[in-house]
Amino acid sequence: MTETLHIVGGGMAGSEAAWQAAEAGVPVVIHEMRPKVETFAHRTGNLAEMVCSNSFRSDDHEQNAVGLLHWEMRHAGGLVMREAAAHRLPAGGALAVDRDPFSQSVTDALRAHPNVSISGEEITALPEDGHWIIATGPLTSDALGRAIAAETGAEALAFFDAIAPIVYAESIDMDVAWLQSRYDKGETEEERKAYINCPMTRPEYEAFIDALLAADKAEFHEGETAGYFDGCLPIEVMAERGRETLRHGPMKPIGLTNSHKPEEKAYAVVQLRRDNALGTLYNIVGFQTKMKYGAQTEVFRMIPGLQNASFARLGGIHRNTFLNSPTLLDNQMRLRSKPHIRFAGQITGVEGYVESCAMGLAAGRMAAAEILGRTLPPIPQDTAHGALIHHITGGAEARTFQPMNVNFGLFRPVDGLKGGRRGRKDRYKAYTDRAKQDWSAWVASQEVPA
Ligand SMILES: Cc1cc2nc3c(=O)[nH]c(=O)nc-3n(C[C@H](O)[C@H](O)[C@H](O)COP(=O)(O)OP(=O)(O)OC[C@H]3O[C@@H](n4cnc5c(N)ncnc54)[C@H](O)[C@@H]3O)c2cc1C
């Protein structure tokens, strides 16, 4: 008899994982604690509930990495994408849905599947044996969060994210910014030039502080701040504590010399640090923020060198339970210390409905193949699924790991294409063409002949 796959959490990831495994012929039990145990954000007992926006973001699968994830999930028979199409609302290029009928029909489809059963309970401990996927999301219940932290070590499980904005390296003006580590620290030339530095004069700094103080900020949701601590203050809160606070914190200019103007001492310096092994993404160090997205782009483009910056991800601080996946998970998304447990969804350090769902799809297929004794070919790195998995399980810097959206900065370059803004359209088309080809081959490799 085929062994059972247990999935904890019937959100975006758990629902998709269950569907993929059940379709492959594996019996699945979904353990979902709602409605018995509630979270501050969910309203219903349905599976795949959208807790806030009703949008799966861009559906453009030629020029947008999120749209590409949609395409890949559709191509792999994804349930969430199927039901999103059935409940689509007009929203320009975005895939927005009528949220309640959408999640109701995901629930109905899973209930009706002969290989799926749903058990309405909270799981409070890590299982000792069997096949498990934990997909309990950003609001993992307290008891299970404690059990995970006991296994991984408290420092490897975060309860809040503190996301600093991430900039595409190619959009930084290197005629203004320069490469240097503070005090030229480092054994190698690469380490001595590990940071990109953006200089500010005093008037530029003053104008920047004024803009930070005046910018629109997002509020924490009701109930979201429980357990929040003062450890990683938003930059605007630091600025509120005193106009000079940032200049003595993340924007301190000491130990840095502007290579374009060595005789001029900067009044303040904004530093960016490499965010992925490919070197295509840089995060703005210490710039976690609760400014609204529109305000962030405006304020951050005031930084000399970032006047034309393109952002792969904007900053934020949210209640968000997530693992330090680069250290804890193997490339099959299994917990290294307990490989009978996989993780999927937002708890793995991806961010958003679409990315979480995609990680559910991947984990569901991986678990099903393992149970059925089949060899699953590795997910190709040049697909959107592959780029994300590669990032969270190895490509990202473990020390500073924060949740990630899918974006083209995670993709390996396609040889022979022009860099910079001008070549962007051709480059994105080349990424998505390559991904579709690789993904189609990967999906076809798992089709069992009738
Ligand atoms: C307040 C808030 C607003 C958000 N807004 C957006 C947005 O607008 N757009 C967007 O793309 N993303 C948003 N997100 C992120 C979004 O929640 C995730 O991207 C997505 O829902 C994650 O999918 P998931 O399957 O990993 O987790 P979820 O969809 O949260 O599913 C996890 C499931 O696990 C269950 N569960 C938790 N602990 C246990 C347990 N111990 N036993 C059994 N069941 C358990 C929960 O009840 C839940 O159903 C928001 C998150 C929060 C917290």
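Order of listing sets the numbers, starting from 1, for every ligand and every atom in it.
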Which of the ligand 1 atoms, numbered from 1, are nearer than 4.0 Å to a heavy atom of V8: 42 (N), 43 (C)

Electrostatic pair K338-D129, nearest N-O below 4.0 angstrom: no

Centroid separation F159 to F322 less than 6.0 Å: no

Option of least heavy-atom distance to atom 16 (C) of ligand 1 (set: H318, R319, Q346): Q346

Which residue and heavy atom of the protein sit nearest atom 28 (P) of ligand 1, plus the separation: G11 CA, 3.9 Å

Closest candidate by heavy atom, reference atom 4 (C) of ligand 1, pool I134, V350, V51: V51

Side-chain ion pair, R319 and D161, N-O less than 4.0 Å: no

Closest protein heavy atom to atom 5 (N) of ligand 1, given as residue, atom name and distance to 0.1 Å: C52 CB, 3.0 Å

V37 contact mode with ligand 1 (heavy-atom cut-off under 4.0 Å): neither

Distance filter under 4.0 Å to G345 heavy atoms, resulting ligand 1 atoms: 26 (O)

Listed once per pair and sorted, the ring pair (Phe, Tyr, Trp, His ring centres under 6.0 Å) pairs that draw on residues 76-108, sequence neighbours left out: F56-F102

Minimum-distance protein heavy atom relative to atom 38 (N) of ligand 1: S141 N, 3.1 Å

Atom 23 (O) of ligand 1 [closest protein heavy-atom partner, distance rounded to 0.1 Å]: S356 CB, 3.3 Å

Worked verdict on I196 versus Q271 for side chain to side chain contact (heavy atoms under 4.5 Å, CB included): CA-CA 6 Å; I196 292 179; Q271 286 203 301; over 6 Å; no

Atom indices of ligand 1 within 4.0 angstrom of G352 heavy atoms, with elements: 10 (C), 11 (O), 12 (N), 19 (O)

Closest contact, heavy atoms only, I284 versus V270: CG2-CG1, 3.4 Å

Test: D382 and R434 ion pair at under 4.0 Å: yes

T39 N/O under 3.5 Å from ligand 1 N/O: no

Nearest non-hydrogen protein atom, atom 44 (N) of ligand 1: M33 N, 3.2 Å

Option from L314, N405, L281 for which side-chain contact (heavy atoms from CB on, under 4.5 Å) with I166 holds: L281

Backbone N/O of A65 and side chain of Y428: donor-acceptor pair under 3.5 Å: no

Close aromatic pair by centroid cut-off 6.0 Å: W132 and H31: yes

Minimum-distance pair of heavy atoms, taken over all atoms of M33 and E38: CE-O, 4.5 Å

Nitrogen or oxygen of S53 less than 3.5 angstrom from that of ligand 1: yes

Pair E355 + R57: basic N to acidic O under 4.0 Å: yes

Atoms of ligand 1, numbered as shown, that sit under 4.0 Å from any heavy atom of H31: 43 (C), 44 (N)

Any N/O pair I123/ligand 1 closer than 3.5 Å: yes

Side chain, backbone, both or neither: E121 near ligand 1, heavy atoms under 4.0 Å: backbone

Salt-bridge present (E23, R365; N to O < 4.0 Å): no

Proximal ligand 1 atoms for A13, defined as those under 4.0 Å from one of its heavy atoms: 25 (O)

Protein residue, atom and distance nearest to atom 49 (O) of ligand 1, heavy-atom basis: E32 OE1, 2.6 Å

Lys/Arg N to Asp/Glu carboxylate O, E49 vs R99, below 4.0 Å: no

Atom of H131, atom of E370 and distance for their closest heavy-atom approach: ND1-OE1, 3.9 Å

Identity and separation of the nearest protein heavy atom to atom 11 (O) of ligand 1: Y353 N, 2.8 Å

Per-atom contacts, ligand 1 versus L144 - under 4.0 Å to a heavy atom: 41 (N)

Subset of ligand 1 atoms that lie under 4.0 Å from at least one heavy atom of P138: 17 (O), 27 (O), 30 (O)

Ligand 1 to E122 polar contact by distance, N or O atoms, under 3.5 Å: no

N or O contact, M12 vs ligand 1, cut-off under 3.5 Å: yes

Top protein contact for atom 34 (O) of ligand 1, by heavy-atom distance: G9 CA, 3.2 Å

Ligand 1 versus A135: contacting region, heavy-atom distance under 4.0 Å: backbone

Distance filter under 4.0 Å to T140 heavy atoms, resulting ligand 1 atoms: 37 (C), 38 (N)

